[in-house]
Amino acid sequence: MPYGYAAALFIAAVPMLAALTASARPGPAGTIVFYLSVVVNEAPFLWLAWVGAATALTWGLGALSVYGAAAAAAVALGLVVLALRAAAARQVLEQVMGPLPRSRSWGRLLLGPVLRRRRTVEHVRGLPYGPEDRNSLDLYRRPGSRGGPVLVHFFGGGYRSGRKDTQSLALLYRLAEAGWVCVSADYRLRPAAGFTDHLLDAKRVIAWIRKHGREWGADPRRIVLAGSSAGAHLAASAAFTAADRALQPGFEDVDTAVSAVIGFGGYYGTYYGQGPRTSPLGLAGPAAPPCLIVHGERDTVVPVADARHFAQELRDVSAQRVVLAVLPGGQHAFDLGHSLRFDAVMDAVEAFTGTVLASGRDPK
């Protein structure tokens, strides 16, 4: 087998095997598996194309052996299994939510994380929402639209790293094209900032929307908070403390209640062990808004058991709907781009928010 062809198969086989065998094991080992497997898990078609191109080239050169063909077939089979796992997400989501609309675009799916933007959506960068350097947000909207609901997304990164233009962009563009006004916001990070600083920044974003939303075509009465990983922790914590005016100094009279919360691969425990009042569960009460929790079955960064626990405990406390969907074969950060899995999740988000907003639930 030519060395170049063997290297090409190795490059595809290692992340594929990591994705196939991933199991919940947080810590350094789980983080390594996550980085190895996350892209191939969400975009197996790209790896299939890689293996197919390398095999075709080797065959064309007359250098494809029986062993090479067998190795390529084994790798391709593993990638097909990953694609089938991803496709199963829709069935799971429909089991907990009922029938979902289908908006599949094979062009976007085949290009995976590469294709996120849409020409019909205006992207406004760097709007300040507060006095701190990282109090900046990006806004996505369809020019000319009026009265659309608002989705606010907070990125993940353990409160230590990350930025506003990296996660769930496919969802932001899709909802903006459908008439929403979508916001992705930076917030202060550790170690310079702590939990109350993050929470204050999240509430400043909501206050900014209440004040300026109509200028950008939004309905500031209908706000949905979403987040990935630590961003889900922040979104839930902000939503569950809407009535606590002490957490929004300088704008105590602004209503920061929201219509719903959505978490993707969320962490819902305490903030670096600082006590129950730094966890969403420690802050939740009967007034908690409806919540959609979506988690990967094979998340090696935040175990799915944590999401199950959060959903069960929240159902015992909240008077509103709590939906948990565990995605077959899903890893952490499944929202990086278009995929069979995340496109089904986006369908579920549209269905969930449509039901919540149609119910007339007005947080104000």
Side-chain angles (χ1 to χ4, degrees), residues 14-44 46-47 81-83 85-89 92-93 112-113 116 153-172 184 189-190 226-236 261-272 279-280 291-311 324-346 348-349:
V14 170
M16 179 270 292
L17 289 171
L20 281 176
T21 61
S23 61
R25 45 178 179 272
T31 301
I32 292 171
V33 171
F34 160 65
Y35 282 116
L36 276 175
S37 64
V38 60
V39 177
V40 69
N41 204 42
E42 296 307 315
L46 294 180
W47 262 253
V81 171
L82 293 182
R85 282 181 179 175
V92 169
L93 289 162
R116 294 175 295 199
H153 181 269
F154 297 112
F155 59 84
Y159 286 111
R160 300 185 302 268
S161 63
R163 65 176 193 267
K164 61 184 182 297
D165 57 352
T166 57
Q167 299 162 26
S168 286
L169 290 181
L171 176 63
L172 301 183
S184 181
L189 300 173
R190 288 174 57 87
S228 306
S229 194
H233 184 282
L234 179 57
V261 180
I262 301 169
F264 301 135
Y267 168 74
Y268 304 105
T270 60
Y271 180 87
Y272 290 92
S279 73
C291 191
L292 172 62
I293 305 160
V294 187
H295 213 92
E297 175 193 32
R298 294 174 179 259
D299 192 321
T300 62
V301 178
V302 181
V304 67
D306 291 1
R308 295 185 194 275
H309 173 73
F310 174 64
L324 170 66
V326 177
L327 307 178
Q331 242 297 2
H332 201 61
F334 53 79
D335 61 329
L336 291 179
H338 284 278
S339 68
L340 285 170
R341 184 176 288 112
F342 192 51
D343 275 30
V345 171
M346 290 191 285
V349 167

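Just the heavy atoms: all of them, side chains too, but no hydrogens, waters or symmetry mates, feed the values below.
- With sequence neighbours excluded, no residue satisfies side-chain hydrogen bond (donor to acceptor under 3.5 Å, both in side chains) with Tyr35.
- Proximity of a side-chain donor or acceptor of Ser228 to a complementary backbone N or O of Gly156 within less than 3.5 Å is not detected.
- Residues satisfying the salt bridge (Lys or Arg N to Asp or Glu O under 4.0 Å) test with Arg308, not counting sequence neighbours, are none.
- Here the closest heavy-atom approach between residue Val40 and residue Pro15 is recorded as CG1-O, 3.4 Å.
- Closest non-hydrogen pair, Pro280 versus Gly269, comes out as CD-O, 3.9 Å.
- Of all non-hydrogen atoms in Arg85 and Arg298, the two that sit nearest each other are NH2-NH2, 3.4 Å.
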Where do Gln331 and Val33 land on the side chain to side chain contact (heavy atoms under 4.5 Å, CB included) test, with the steps shown first? CA-CA 9 Å; Gln331 242 297 2; Val33 171; 4.0 Å; yes
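- Between the CG atom in Asp306 and the OH atom in Tyr268 there is a gap of 10.0 Å [rounded to 0.5 Å].
- Here Tyr159 pairs with His233 under the side-chain hydrogen bond (donor to acceptor under 3.5 Å, both in side chains) rule; sequence neighbours left out.
- Residues satisfying the ring-ring contact (aromatic ring centres under 6.0 Å, His included) test with Phe155, not counting sequence neighbours, are Tyr187.
- Every side-chain hydrogen bond (donor to acceptor under 3.5 Å, both in side chains) that Ser229 has, sequence neighbours left out, goes to His332.
- Here the CG-CZ distance, from Asp335 to Arg341, works out to 11.5 Å after rounding to the nearest 0.5 Å.
- Taken from NE2 in His153 to CG in Asp165, the straight-line distance is 12.0 Å, to the nearest 0.5 Å.
- Considering OG of Ser184 and CG of Leu169, their distance stands at 6.5 Å, rounded to 0.5 Å.
- Taking each heavy atom of Ala235 and Gly227 in turn, the nearest pair found is CB-N, 4.3 Å.
- In this structure, the separation between CH2 on Trp47 and CG on Asn41 is 10.5 Å, given to the nearest 0.5 Å.
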Check step by step if side chain to side chain contact (heavy atoms under 4.5 Å, CB included) holds for Met16 and Val81. CA-CA 10 Å; Met16 179 270 292; Val81 171; over 6 Å; no
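- Nearest heavy-atom pair, Ala18 versus Leu36, reported as atom, atom and distance to 0.1 Å: CB-CB, 4.1 Å.
- For the side chain to side chain contact (heavy atoms under 4.5 Å, CB included) test, residues two or more places apart in sequence or in another chain that qualify with Val345 are Leu93, Phe264, Val294, Leu327, Phe334, Phe342, Val349.
- Under the 4.5 Å side-chain criterion, counting only non-hydrogen atoms from C-beta, Val304 is not in contact with Asp299.
- Smallest separation of non-hydrogen atoms from Gly266 and Ala232: CA-CB, 3.6 Å.
- Side-chain contact check for Glu42 versus Leu336: every heavy-atom pair is 4.5 Å or farther apart.
- Side chain of Glu297 to backbone of Gly329: a donor-acceptor contact under 3.5 angstrom is found.
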